[in-house]
Amino acid sequence: MFKIVGVVGAGTMGQSIAEMLAVKGLDVHLVEKTPEKLQQAREMLEQSLDRQMERWAITAAEKKLTLNRIHMETSLQFLADCELVIETISEDLDSKMDVFRELDGIVANHAVLASNTSTLSLTELAGASRYPERVIGMHFVYPALRIDVVEIIRGLQTSDETFTKTKSFIDEILDKKGVMVYESPGFVTTRLICLLINEALHLLEEGVASTEDIDDAMRLGYRFEHGPLEMADRFGLDSVLAALDRMFREYGELKYRPSFLLKKKVRAGQLGIKSGVGFFKYDKDGERLK
């Protein structure tokens, strides 16, 4: 079973996955291009663990232990001993394929290469590797520590062995529910949640209800932890726009066409929590301001 795991990309999702793996007792090598981005990731991880300490969820010793398990690296070369590498960089096919090509020459031939993509073709990604049978999709939902489901996506050439190893790792080590999804843009979670968010945006554009009332209706009416507009803020409005754009291109159906309001927000740099303002305002810890 995987004991040393590499995470490529220290953005919001990479940090979230690295923290979750370290909390589960695994050694994590988190790779980002620049020391500045790694420093930023370390600060965000510390903040996340501090918030858990404030809630009495962990002790100071547990925080230190978790941080000590996360090794910050500026090169993929440091992933040579990893049995599993999870790629979490932005949703750009060429960039992801470059990472997979480079990893081929670094990690052992039996190591599993996973992508956290939510919309790209696993079969196409796997084509960048000399060993496409070891490439699989592991799509975590943010925040990875708290959400107990992982979509496992098989590419056309993903081997049974790779799938079995990945599924048992998710079920037994991470203690999450691994659901198998056949390759399809958006899979299950992204496809459904982006449509919900897009429809909420249409309601807002049409003046059917206010931002707060749309979210309250879904939060209270259907017991969502966050309403669809706050969800969009938490995912990042740019990420939601990119997912809808890709699904619109792939499926060619109007229901996936991103709302104009979403495009306007992204152009204005109002990306949600990461910029401090989206449909709502947030403090530096990501807490919503009233």
Side-chain angles (χ1 to χ4, degrees), residues 11-13 15-17 48 51 88 90-91 116-120 139-151 176-177 179 181 184-290:
T12 308
M13 204 63 217
Q15 291 163 28
S16 187
I17 292 170
S48 173
R51 281 198 297 274
T88 72
S90 56
E91 289 286 272
N116 182 58
T117 181
S118 56
T119 54
L120 297 171
H139 180 231
F140 292 86
V141 179
Y142 183 81
L145 192 63
R146 296 219 317 272
I147 307 294
D148 290 332
V149 73
V150 182
E151 290 178 302
K176 295 184 185 294
K177 171 75 179 164
V179 295
V181 180
S184 161
F187 313 133
V188 174
T189 54
T190 303
R191 187 166 161 183
L192 288 174
I193 210 66
C194 283
L195 278 176
L196 177 71
I197 290 168
N198 211 30
E199 198 56 39
L201 287 163
H202 290 321
L203 287 172
L204 194 57
E205 281 176 324
E206 291 162 25
V208 174
S210 70
T211 313
E212 284 83 0
D213 286 348
I214 290 169
D215 268 24
D216 285 347
M218 296 309 288
R219 225 172 26 82
L220 302 170
Y222 290 92
R223 297 192 177 174
F224 284 20
E225 187 180 356
H226 306 294
L229 300 171
E230 186 172 343
M231 269 188 215
D233 281 351
R234 290 181 180 279
F235 295 147
L237 301 196
D238 50 342
S239 300
V240 175
L241 177 60
L244 281 165
D245 264 337
R246 182 160 288 278
M247 289 191 288
F248 183 42
R249 280 201 307 275
E250 293 276 349
Y251 292 114
E253 291 183 39
L254 282 176
K255 64 182 176 182
Y256 298 108
R257 188 167 68 187
S259 127
F260 186 60
L261 179 57
L262 179 62
K263 289 182 175 178
K264 268 204 309 199
K265 286 272 199 194
V266 172
R267 283 180 195 136
Q270 297 181 4
L271 308 179
I273 282 183
K274 61 175 102 172
S275 66
V277 62
F279 291 102
F280 302 98
K281 289 194 170 86
Y282 302 88
D283 65 18
K284 64 180 190 336
D285 292 333
E287 296 297 320
R288 189 169 140 188
L289 299 168
K290 292 296 173 215

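Nothing here was measured: the structure is a model prediction, and the numbers come from that model.
Nearest heavy-atom pair, Leu261 versus Leu204, reported as atom, atom and distance to 0.1 Å: CD2-CD2, 3.6 Å. In plain terms, the two heavy atoms of Glu151 and Val188 that are nearest each other are OE2-N, 2.9 Å. Nearest approach of Thr119 to Thr117, heavy atoms of both residues: N-OG1, 3.3 Å. For the pair Pro185 and Met247, the tightest heavy-atom approach, listed with the atom from each and the gap, is O-SD, 3.8 Å. Between Ser184 and Arg191, the shortest heavy-atom contact is OG-NH1, 3.6 Å.
With hydrogens and angles disregarded, no donor-acceptor distance shorter than 3.5 Å links the side chain of Asp245 to the backbone of Pro258. Put simply, the side chain of Ser16 never gets that close to the backbone of Pro143: no donor and acceptor are under 3.5 Å apart. Asp215 contributes a side-chain N or O that, together with a main-chain N or O of Glu230, makes up a donor-acceptor pair within less than 3.5 Å. Without hydrogens or angle criteria, Ser259 side chain to Leu262 main chain gives a donor-acceptor distance under 3.5 Å. Using a distance-only test at 3.5 Å, with no hydrogens or angles considered, no donor-acceptor pair links the side chain of Lys265 to the main chain of Leu271. Of the possible donor and acceptor atoms, none in the side chain of Asp283 sits under 3.5 Å from a partner among the backbone N and O of Leu289. Judged purely by atom type and a 3.5 angstrom limit, Ser275 uses its side chain to pair as donor or acceptor with the backbone of Gly269. Under the 3.5 Å distance criterion, the side-chain polar atoms of Glu91 are matched with a main-chain donor or acceptor of Ser118. Formation of a donor-acceptor pair under 3.5 Å by the Glu253 side chain with backbone atoms of Phe248 is not found in this model.
Atom-to-atom distance recorded for Ile17:CD1 and Asn116:CG is 4.0 Å, nearest 0.5 angstrom. The distance from the CZ atom of Arg234 to the CD1 atom of Ile273 is 4.0 Å, given to the nearest 0.5 Å. From Arg267, atom CZ reaches atom CG of Leu241 across 8.5 Å, with rounding to the nearest 0.5 Å. One distance of note links CG of Leu229 with CG of Leu237; it measures 9.0 Å at 0.5 Å rounding. In this structure, the separation between SG on Cys194 and CE on Met231 is 11.0 Å, given to the nearest 0.5 Å.
A salt bridge is absent between Arg288 and Asp233; no separation between the charged side-chain nitrogens and carboxylate oxygens falls under 4.0 Å. Taking a cutoff of 4.0 Å between a charged side-chain nitrogen and a carboxylate oxygen, Glu225 and Arg146 qualify as a salt bridge. Asp148 and Lys176 are joined by a salt bridge, as a carboxylate oxygen and a charged side-chain nitrogen come within less than 4.0 angstrom of each other.
For Lys255, the NZ atom counts as densely surrounded, since its 6.0 Å shell holds more than 12 non-hydrogen atoms of other residues, nucleotides or ligands.
His202 and Glu205 share a side-chain donor-acceptor pair at under 3.5 Å.
For Arg249, the side-chain hydrogen bond (donor to acceptor under 3.5 Å, both in side chains) criterion is met by no residue, not counting sequence neighbours. Applying the side-chain contact (heavy atoms from CB on, under 4.5 Å) criterion to Leu196, with sequence neighbours excluded, gives Ile193, Met218, Phe224, Pro228.
Counting only residues at least two apart or on different chains, no ring-ring contact (aromatic ring centres under 6.0 Å, His included) pair has a member in residues 267-290.
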Derivation and outcome, side chain to side chain contact (heavy atoms under 4.5 Å, CB included), residues Glu287 and Arg51: CA-CA 11 Å; Glu287 296 297 320; Arg51 281 198 297 274; 3.9 Å; yes
Evaluation steps, side-chain hydrogen bond (donor to acceptor under 3.5 Å, both in side chains), between Tyr142 and Ser239: CA-CA 12 Å; Tyr142 183 81; Ser239 300; over 6 Å; no
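A cation-pi geometry, defined here as NZ or CZ lying under 6.0 Å from the six-membered ring centre and within 45° of its normal, does not hold between Arg246 and Tyr256.
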